[in-house]
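What follows is a single structure, written as structure tokens, with notes after it.
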Amino acid sequence: MQSSGNVGGGRKCFWGFRSLIQRKQVDSVHVRSEGHHQLARKLSVTDLIAIGVGATIGAGVYVLVGTVAREHAGPALTISFLIAGIAAALSAFCYAELACRCPSAGSAYHYSYICVGEGVAWLVGWALILEYTIGGAAVARGITPNLALFFGGVDKLPAILGPHTIPVFGIVVDPCAAVLVLIVTFLLCTGIKESSLVQMIVTSVNVSVMLFIMIAGGYLGFKTGWVGYELPSGYFPFGINGMFAGSAVVFFSYIGFDSVTSTVEEVKNPQRDLPLGIGIALFICCILYMFVSFVITGLVPYYALDPDTPISSVFASYGLQWAVYIITTGAITALFASLLGSLLAQPRILMAMARDGLLPSFFSDINKNTQVPVKSTVTTGIFAAVLAFFMDVSQLAGMVSVGTLFAFTTAAVSVLILRYVPPDEVPLSSSLQESIKSVSFRFGANSQESDSKNLQNPSGSSANNSRYLHEIGEASLGYPLIQKSISQENQNEQTRRKISAWTITFLCIGIFIFAFAASAQGLSSILRFTVCGVCGALLLCCLIVLTCTDQDDRRHSFGHTGGFTCPFVPFLPAACILINTYLLIDLGAATWIRISVWFAIGAVVYLFYGRSHSSLFNAVYVPSAYADEMYRSSSDNLS
């Protein structure tokens, strides 16, 4: 984890590796003026809350309540949801700060590109593409059986919408799911305000159904005496470990709030509204989850809950058969809102990656009338519709979690980097070579002729220029491009940055080994405890070092200032990295084999297209203090 200046050092790392760790600039007026249309800023706090709650509360809560209570937590399911909500809030804090500092579309992809490097950013973006595509298709497939209830069963659906089996291949196609995906795609193409209005309506219906469950269930509970809490096994039938195991399962029901950050360029006041939108949406979801689980596990014994339709079966056991239709309506609206959230976020990820040159510029086009990325939205909708039509993607559900957990992890790492070692150099396009030379002569008239030729030589590569700029930017050796005074204060600052960078690196490595050992059931107990003990000591030492080390003063002016700041750094980001890394490793070997195939495809795409078309491919890194001067010099030359 080196500074951006080190990224430009061709002397210390191969050019291919350099492209993996080069970092881009926080979007500024200079970057925004380079030619792409802007998205419409029309979203308010209320819109963000609706998008966040709608994308987070899927139909999973209508099923998870039964399976987790029966197998893991029992009546303590409410506490499991609370613990999972607190864990999700750690990531939400990190996202809130990064969204305020770097308010551009792309979410975790954008943040990791600025703070970590192009290679990690590509993997995050590639994983998010898979997450939203498979997630959208899976959600669409889940709507069909719920919708069929109102027609009297799947067999009673209209022939054109009902599932059909292709005899030759044995594939069950779902036209209804594909049609729903295309409807949502069309809606998203009409404009962000229209989409958010529909999301608000659908989410309101879903929340109303959950309020009905809480109120009607609470009435039944007080009337009958909460029989689910009067068991001999007590409140923790599976012990404390079972409660925490339940938290790990229900944690995935909080995934979705990150889709709010993908709309940052469409928010009227992102510095104020984004933290509020993320925080309030997550708080509403946590409260709803806790109260619904409290009511349902209190109405009947946890072991009597139906694992497939727990809420409906509970109300049916009390003679309220009609409530099944209300609950099914909630499940359908929850799925529809989740589908809309998935298809809303992915086009903006594609758009951000295309802006950076990692994908074809086709995906970055913004429609002049609707001011949304229509081409990316249509492409996303077509792929999701095809998947929903032909494939039962439920087997690939674990792959969806990889993208989110990986994004959560890199967001937490980005906060640590931003606080302790924020990028101190800025990539400039090779088109600004004349401006670089002009500022060079202005600040260092004593440059030797040989050094001047290094920039003036038209046949010289950008890699050489970048290396040269880094070498002379790192220390003044008598012939600097931009003169820097070598003082004791500067040397102390460089030492502080190196210590911080290495400490963050060892922290991440220690967390990975600790999480791997903790989840490796095949290892002997002695070896597991030994490895966990050593890594735990390493983590503690790293946290002590970071706590005693001053944070970088430039963090106050890095990116856009005046927004939310993540509290309890470095402890909160470290806890976030640990939780998400453990959940990533715990997904299982089968999921990682599948995701490895997807990452291998992504590596091929990056090597043969993204790397050579990247906007940073020919960039030259210069100290950030002189970037504005070079832009002004460029403007003067053009005028």
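These values consider heavy atoms only, across backbone and side chains, with no hydrogens, waters or symmetry-generated copies. Here the structure is a predicted model, which means the values were calculated and not measured.
- Considering only heavy atoms from C-beta on, Tyr109 comes within 4.5 Å of Asp356 through its side chain.
- Residues Cys94 and Tyr111 are not in side-chain contact: their nearest non-hydrogen atoms beyond the backbone lie 4.5 Å or more apart.
- Applying the salt bridge (charged side-chain N to carboxylate O under 4.0 Å, His left out) criterion to Arg272, with sequence neighbours excluded, gives no partner residue.
- Heavy atoms of other residues, nucleotides or ligands lying less than 6.0 angstrom from CZ of Phe362 number more than 12.
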#### Entry: side chain to side chain contact (heavy atoms under 4.5 Å, CB included) assessment of Thr561 paired with Arg101
CA-CA 6 Å; Thr561 59; Arg101 293 277 187 179; 4.2 Å; yes
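- Side-chain atoms of Glu97 come within 3.5 Å of backbone N or O of Cys566 as a donor-acceptor pair.
- Here the shortest heavy-atom pairing between Ala411 and Tyr95 reads CB-CE1, 3.9 Å.
- Atom CG of Leu340 and atom CG of Leu188 lie 5.0 Å apart (nearest 0.5 Å).
- In this structure, CG in Leu350 is found 9.0 Å from OG1 in Thr377, a value given to the nearest 0.5 Å.
- A distance of 4.5 Å separates CH2 of Trp122 from CE of Met353, quoted to the nearest 0.5 Å.
- Nearest heavy atom pair, residue Ala55 against residue Gly256, reads CB-O, 3.6 Å.
- Going from atom NE2 of His110 over to atom NZ of Lys24 covers 4.5 Å, rounded to the nearest 0.5 Å.
- Between the side chain of Ser364 and the backbone N or O of Arg355, no donor-acceptor pair lies under 3.5 Å.
- Looking at Asp552 and Arg497, a side-chain N of the basic residue comes within less than 4.0 Å of a carboxylate O on the acidic one, giving a salt bridge.
- The minimum heavy-atom distance linking Gln38 with Glu265 is given by the pair OE1-OE1, 4.1 Å.
- In this structure a side-chain-to-backbone donor-acceptor pair under 3.5 Å is missing from Arg348 to Pro373.
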### Task
Could you please spell out the steps behind the side chain to side chain contact (heavy atoms under 4.5 Å, CB included) verdict for Leu123 and Phe406?
CA-CA 9 Å; Leu123 290 179; Phe406 190 28; 3.7 Å; yes
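- In this structure, Phe516 places its CZ atom where only 12 or fewer heavy-atom neighbours from other residues, nucleotides or ligands lie under 6.0 Å away.
- Formation of a donor-acceptor pair under 3.5 Å by the Thr581 side chain with backbone atoms of Leu578 is not found in this model.
- In this structure a side-chain-to-backbone donor-acceptor pair under 3.5 Å is present from Thr505 to Ala501.
- Residues Leu43 and Ile51 are in side-chain contact: their nearest non-hydrogen atoms beyond the backbone lie under 4.5 Å apart.
- Closest heavy-atom contact between Leu39 and Glu266: CB-CG, 3.5 Å.
- Using a 4.5 Å heavy-atom cutoff, the side chains of Leu507 and Leu416 are in contact.
- With hydrogens and angles ignored, the 3.5 Å screen pairs no side-chain donor or acceptor of Thr133 with any backbone N or O of Leu130.
- Counting all heavy atoms, side chain and backbone alike, Gly510 lies closest to Leu538 at CA-CD2, 3.9 Å.
- Proximity of a side-chain donor or acceptor of Ser342 to a complementary backbone N or O of Ser338 within less than 3.5 Å is detected.
- Ring pair Phe251/Phe408 is perpendicular by interplanar angle, where above 60° counts as perpendicular and below 30° as parallel.
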### Message
Would Ile595 and Leu587 count as a side chain to side chain contact (heavy atoms under 4.5 Å, CB included) here? Give the steps.
### Response
CA-CA 11 Å; Ile595 201 68; Leu587 288 174; over 6 Å; no
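- When atom types are taken as modelled, the side chain of Asp586 and the backbone of Tyr582 share no donor-acceptor pair closer than 3.5 angstrom.
- Contact annotation: the side chain of Trp598 never approaches that of Ile134 to less than 4.5 Å [non-hydrogen atoms, C-beta and beyond].
- For the pair Phe512/Thr409, no side-chain contact is recorded, criterion being any heavy-atom separation below 4.5 Å from C-beta on.
- Heavy atoms of other residues, nucleotides or ligands lying less than 6.0 angstrom from CZ of Phe506 number 12 at most.
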### Query
Going through the distances and angles, do Leu405 and Phe252 end up as a side chain to side chain contact (heavy atoms under 4.5 Å, CB included)?
CA-CA 9 Å; Leu405 294 175; Phe252 295 101; 3.7 Å; yes
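- Atom OG1 of Thr549 and atom CZ of Arg419 lie 14.5 Å apart (nearest 0.5 Å).
- Thr261 and Ser107 form a side-chain donor-acceptor contact under 3.5 Å, judged by distance and modelled atom types alone.
- Of all heavy-atom pairs between Leu274 and Ala99, the closest is CD1-CB, 3.7 Å.
- Listed for the Thr404 side chain is no donor-acceptor partner under 3.5 Å among the backbone atoms of Ser401.
- Distance CD1/Ile49 to OG/Ser196: 12.5 Å, rounded to 0.5 Å.
- Side chains of Ile280 and Phe283 form no contact here, defined as non-hydrogen atoms less than 4.5 Å apart.
- Side-chain atoms of Pro567 and Leu572, non-hydrogen and from C-beta on, do get closer than 4.5 Å to each other.
- Panel note: side chain Arg23, backbone Cys115; a donor-acceptor pair is recorded below 3.5 Å.
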